[in-house]
Student: 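This is the structure I have questions about; it appears just below.
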Amino acid sequence: MSTTTEKSFKEQLLEGIPSRLPPKTTGRSQVSHAPARKQILTDEEKRLALRNALRYFPKDWHGELAADFAEELNTYGRIYMYRFKPSYPMYARPIGDYPARTPQTAAIMLMIQNNLDPSVAQHPDELITYGGNGAVFQNWAQYLLTMQYLATMTETQTLHMYSGHPLGLFPSSKDAPRVVITNGMMIPNYSKPDDWERFNALGVTQYGQMTAGSYMYIGPQGIVHGTTITVMNAFRRVLSSGEGPEGKLFLTSGLGGMSGAQPKAGNIAGCVTVCAEVNPAAARKRHEQGWVDELHDSLSQLVLRTRKAMKGKEVVSLAYVGNVVDVWEQFLEEDIFVSLGSDQTSLHNPWAGGYYPAGMGFEEANTLMVKDPGQFKVRVQESLRKQVALINAHAEKGTYFFDYGNAFLLEASKAGADVMAGNTADFRYPSYVQDILGPLCFDYGFGPFRWVCTSCDPEDLRKTDQIAIEVMRSIREHAPEEIRQQMQDNIHWIEQAERNNLVVGSQARILYADAEGRTAIALAFNEAIRKCRLNAPVVLGRDHHDVSGTDSPFRETSNIYDGSKYTADMAIHNVIGDSFRGATWVSIHNGGGVGWGEVINGGFGMVLDGSEAAAGRIRKMLFYDVNNGIARRSWARNPEALFAIKREMERTPEMKVTLPFLVDDDLIDKVYKKQYP
């Protein structure tokens with residue numbers, strides 16, 4: 001009798017939901033698993049969750065599966081359908097290994113599998129890529145159906161994805177996106193954290209993070225570069241002229257998905273990095289992958305090692321397996337000066353494993369999280385108040401602390417921590433976007449452009465690196481002074497990329513580039529594919545954490561000061577505009593990065609196949625994808641964005657953007673005092 005395990009990889013993909021019911025799994029695999037979610041559903045809602053899960057399967061399976069899924073729901077707070085996880089290894093294969101009718105859909109299948117690769121994903125069995133809850137799908141049935149649709153669809157069909165659920169294939173056109181993705185798009189009054197818990201447990205929505213649910217995550221490399229730029233420029237803010245970061249300390253926390261990039265970024269920037277992580281498995285994983293140099297589980301030994309590294313001006317990253325609050329406290333008592341401080345725990349998800357309270361072990365906290373979520377919340381908020389008090393004490397000694405866009409200051413303020421500025425409206429510490437990435441990068445159009453070589457051949461990646469270096473050097477020759485530092489930082493990055501062993505999973509690369517750079521690099525890739533210098537198509541994309549893709553008042557748009565930072569028009573226009581200008585797939589999400597209900601972000605993927613049609617899509621879509629955001633930022637009167645959009649309009653007469661007339665603040669003050677004495 002044939003079983004799914006006897007079928008080939010291609011046969012399993014084409015089959016979708018297996019024709020025979022797989023046996024129940026005997027246990028979860030030996031990978032990192034998502035913590036059990038709190039039991040938030042009523043009895044009737046639990047029945048509804050079971051009905052929702054069973055609708056993926058034939059009725060004669062329901063008796064056995066109902067008991068199986070009820071057990072999962074009771075044990076883990078979610079129905080993941082573990083028994084339907086495929087037997088084949090999960091990783092990005094060369095594009096020719098996928099049974100697709102178009103290279104575009106084969107590339108998407110590659111990207112999905114990369115997001116679920118155990119070497120890439122944070123909790124692969126739960127289909128979670130990073131951030132504690134950033135999911136590609138809600139369950140394994142959705143994965144199986146989606147891969148089947150992608151394997152069989154034509155270039156005149158579009159697959160529509162509703163929060164991980166493949167709604168179906170619809171007739172469209174060759175110029176339409178092959179996939180349209182939404183994640184967590186809620187009616188506004190239903191975007192509180194408990195709403196996510198409830199509706200996700202019901203199986204009707206998911207948290208796609210930024211690049212997990214849009215199939216564009218490329219491992220920690222994706223955030224290493226942004227963190228490197230942030231750390232380098234943070235040091236430039238605090239160091240004297242001619243002084244370098246050698247021997248200076250950067251203290252932070254988090255070694256999970258995206259946060260695991262911090263030690264590597266510190267090494268590239270050239271400082272001493274101490275990064276705390278409460279999950280021993282996550283710390284070991286990053287150490288084994290070479291993303292952090294040393295592991296320490298003794299605070300006293302950490303103090304000695306940190307002093308030695310600072311004195312010797314070493315470039316080294318030290319992971320402390322424990323709580324960062326203890327490190328802040330110990331370093332204060334030991335008078336170890338912290339030049340830069342930040343936090344990269346997943347505080348967008350504070351009550352379900354995104355942040356672990358001080359004074360508790362990892363397993364103890366996981367147990368409390370499920371058994372007494374109210375008390376767990378109390379402990380988290382106590383810990384946040386203590387952490388902020390310690391950071392404030394360090395800041396009084398000269399530490400430059402910045403919020404790294406993980407909702408740290410937001411959740412600390414909700415906990416009653418002393419994080420508010422004197423005006424009681426703003427935080428006392430800046431978002432890194434306000435001080436660094438916003439004015440230095442986003443307003444000029446620089447953001448996290450990325451590509452993936454679908455051949456899975458490291459040699460292709462080397463060739464694309466060299467192409468990108470040549471293009472960037474050429475552009476630098478005529479770049480205005482305002483963006484020369486950004487150009488040089490990115491040339492340095494791409495020159496050093498291979499030797500820093502940044503690849504985890506797919507053969508991917510990232511660099512910060514503006515519209516001119518992205519377009520020129522993409523066109524050069526497309527030409528290299530046409531001439532067979534590259535062995536297979538290249539996927540283009542970006543993090544949603546970019547110039548235009550995301551409306552996030554506490555991160556990406558935190559340096560928008562005209563009152564519009566709480567609006568989300570830009571992200572919506574971005575995904576709509578990209579969809580008819582040539583994107584292969586588009587996505588729009590609620591919640592990625594800083595929390596459910598706190599952000600709307602959009603993304604895209606584009607497959608380059610060497611054709612003239614691909615070249616046309618590059619010119620139209622990449623141009624709009626960047627300049628949509630610059631136009632919005634210039635309307636907010638951001639000086640750097642005004643410079644960038646005026647320069648672009650000179651180069652591109654077809655673009656006409658509404659520009660603001662600048663108002664004299666003295667006039668406003670005069671009128672205000674007269675009307676409101």
Student: Let me see the working for Tyr130 and Ile223 under side-chain contact (heavy atoms from CB on, under 4.5 Å), right down to the final yes or no.
Tutor: CA-CA 12 Å; Tyr130 67 92; Ile223 194 65; over 6 Å; no
Student: Can you tell me if Asp343 uses its side chain to pair, donor with acceptor, with the backbone of Phe408 under 3.5 Å?
Tutor: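 Here the side-chain-to-backbone pair does not exist.
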Student: Check Gly505 against Ser119 and note the closest heavy-atom contact, atom names and distance.
Tutor: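 For Gly505 versus Ser119, the nearest heavy atoms are N-OG, 4.2 Å.
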Student: Between Arg509 and Asp465, does a salt bridge (charged side-chain N to carboxylate O under 4.0 Å, His left out) hold up when you go through it step by step?
Tutor: CA-CA 8 Å; Arg509 187 68 75 222; Asp465 283 348; 2.9 Å; yes
Student: Check this for me, if you would: do Lys414 and Glu598 make a salt bridge, where the nitrogen-to-carboxylate-oxygen distance has to be below 4.0 angstrom?
Tutor: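 Answer for the salt bridge query: yes.
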Student: Going by the angle between their ring planes, with limits at 30° and 60°, are Phe554 and Phe427 parallel, tilted or perpendicular?
Tutor: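 Taking Phe427 first and then Phe554, their aromatic rings sit tilted (interplane angle of 30° to 60°).
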Student: Got a sec, which residues hit side chain to side chain contact (heavy atoms under 4.5 Å, CB included) with Arg428, two or more places apart in sequence or on another chain?
Tutor: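 So Arg428 forms a side chain to side chain contact (heavy atoms under 4.5 Å, CB included) with Asn392, Asp418.
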Student: Please round to the nearest 0.5 Å and tell me the distance separating atom CG of Asn601 and atom CG of Asn590.
Tutor: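 Here the rounded value is 8.5 Å.
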Student: Which residues satisfy the side chain to side chain contact (heavy atoms under 4.5 Å, CB included) test with Val316, sequence neighbours excluded?
Tutor: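 Val316 satisfies side chain to side chain contact (heavy atoms under 4.5 Å, CB included) with Val272, Asp293, Glu294, Arg305, Ala309, Glu314, Leu318 once adjacent residues are dropped.
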Student: Would you mind writing out the side-chain donor-acceptor pairs for residues 440-447 within the sub-3.5 Å range, not counting sequence neighbours?
Tutor:
unit_1, atom_1, unit_2, atom_2, d
Asp443, OD1, Arg633, NH1, 3.2
Asp443, OD1, Asn638, ND2, 3.4
Asp443, OD2, Asn559, ND2, 3.2
Asp443, OD2, Asn638, ND2, 3.0

Student: Measuring from Cys275:SG to Lys264:NZ, what's the distance to the nearest 0.5 Å?
Tutor: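 Cys275 SG to Lys264 NZ: 13.5 Å, rounded to 0.5 Å.
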Student: Taking side chain to side chain contact (heavy atoms under 4.5 Å, CB included) as the definition, give me every residue that meets it alongside Gln485, ordered by chain and number, with sequence neighbours left out.
Tutor: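 So Gln485 forms a side chain to side chain contact (heavy atoms under 4.5 Å, CB included) with Arg236, Asp489.
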Student: Take atom NZ of Lys397 as the centre, draw a 6.0 Å sphere, and report whether it contains more than 12 heavy atoms from other residues, nucleotides or ligands.
Tutor: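 Correct, the count exceeds 12.
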Student: Looking at Tyr217, is its backbone amide N or carbonyl O close enough to the side chain of Asn114 to form a donor-acceptor pair, meaning the two atoms are under 3.5 Å apart?
Tutor: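 Between the backbone of Tyr217 and the side chain of Asn114 there is a qualifying donor-acceptor contact (under 3.5 Å).
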Student: Using a distance-only test with no angle check, is there a side-chain donor-acceptor pair under 3.5 angstrom linking Asp514 and Gln486?
Tutor: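 No, because no side-chain N or O of Asp514 sits under 3.5 Å from a partner of the opposite role on Gln486.
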Student: Please test Arg647 against Glu482 for salt bridge (charged side-chain N to carboxylate O under 4.0 Å, His left out), starting from the C-alpha separation and ending with a verdict.
Tutor: CA-CA 12 Å; Arg647 177 171 175 251; Glu482 286 85 349; over 6 Å; no
Student: Report the residues that fulfil side-chain hydrogen bond (donor to acceptor under 3.5 Å, both in side chains) with Ser383, sequence neighbours left out, ordered by chain and then residue number.
Tutor: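 So Ser383 forms a side-chain hydrogen bond (donor to acceptor under 3.5 Å, both in side chains) with Tyr355.
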Student: Taking distance alone, no hydrogens or angles, what donor-acceptor pairs closer than 3.5 Å link side-chain atoms of residues 621-632 to residues at least two apart or in another chain?
Tutor:
unit_1, atom_1, unit_2, atom_2, d
Tyr624, OH, His573, O, 3.0
Asp625, OD1, Arg542, NE, 3.4
Asp625, OD1, Arg542, NH2, 2.9
Asp625, OD1, Asn574, ND2, 3.2
Asp625, OD2, Arg542, NE, 2.8
Asn627, ND2, Phe623, O, 3.0
Asn628, ND2, Met570, O, 3.4
Arg632, NH1, Asp551, OD1, 2.6
Arg632, NH2, Ser564, O, 2.8
Arg632, NH2, Ser564, OG, 3.2

Student: Any salt bridge linking Lys285 with Glu277? Criterion: basic side-chain nitrogen under 4.0 Å from a carboxylate oxygen.
Tutor: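 No.
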Student: In terms of side-chain heavy atoms, does Asp326 have a donor or acceptor partner in Tyr320 at a distance below 3.5 Å?
Tutor: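 Distance-only check fails for Asp326 and Tyr320.
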Student: If only atom types and distance count, is the side chain of Asn233 paired as donor or acceptor with the main-chain N or O of Ile436 below 3.5 Å?
Tutor: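 No, Asn233 side chain to Ile436 backbone: no donor-acceptor pair under 3.5 Å.
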Student: Is there a side-chain contact between Met111 and Met216 in this structure, where contact means two heavy atoms from C-beta onward sitting under 4.5 Å apart?
Tutor: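 They are in contact (side-chain heavy atoms under 4.5 Å apart), so the answer is yes.
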Student: Between Leu511 and Ala468, which heavy-atom pair has the shortest distance, and what is it?
Tutor: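 Reported closest heavy-atom pair: CD2-CB, 4.1 Å.
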Student: Could you tell me how the ring of Tyr404 sits relative to the ring of Phe402: parallel (under 30°), tilted (30 to 60°) or perpendicular (over 60°)?
Tutor: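 Ring orientation, 0 to 90° scale: perpendicular.
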Student: Examine the side chains of Thr228 and Trp493 and answer whether a donor and an acceptor come within less than 3.5 Å of each other.
Tutor: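 No - no donor-acceptor pair under 3.5 Å links their side chains.
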Student: Is a donor on one side and an acceptor on the other found under 3.5 Å between the side chain of Trp328 and the backbone of Ala389?
Tutor: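 Checked: no pair found.
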Student: If only side-chain N and O atoms count, and only distance matters, is there a donor-acceptor pair under 3.5 Å linking Thr345 with Tyr356?
Tutor: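 There is no such pair between these side chains.
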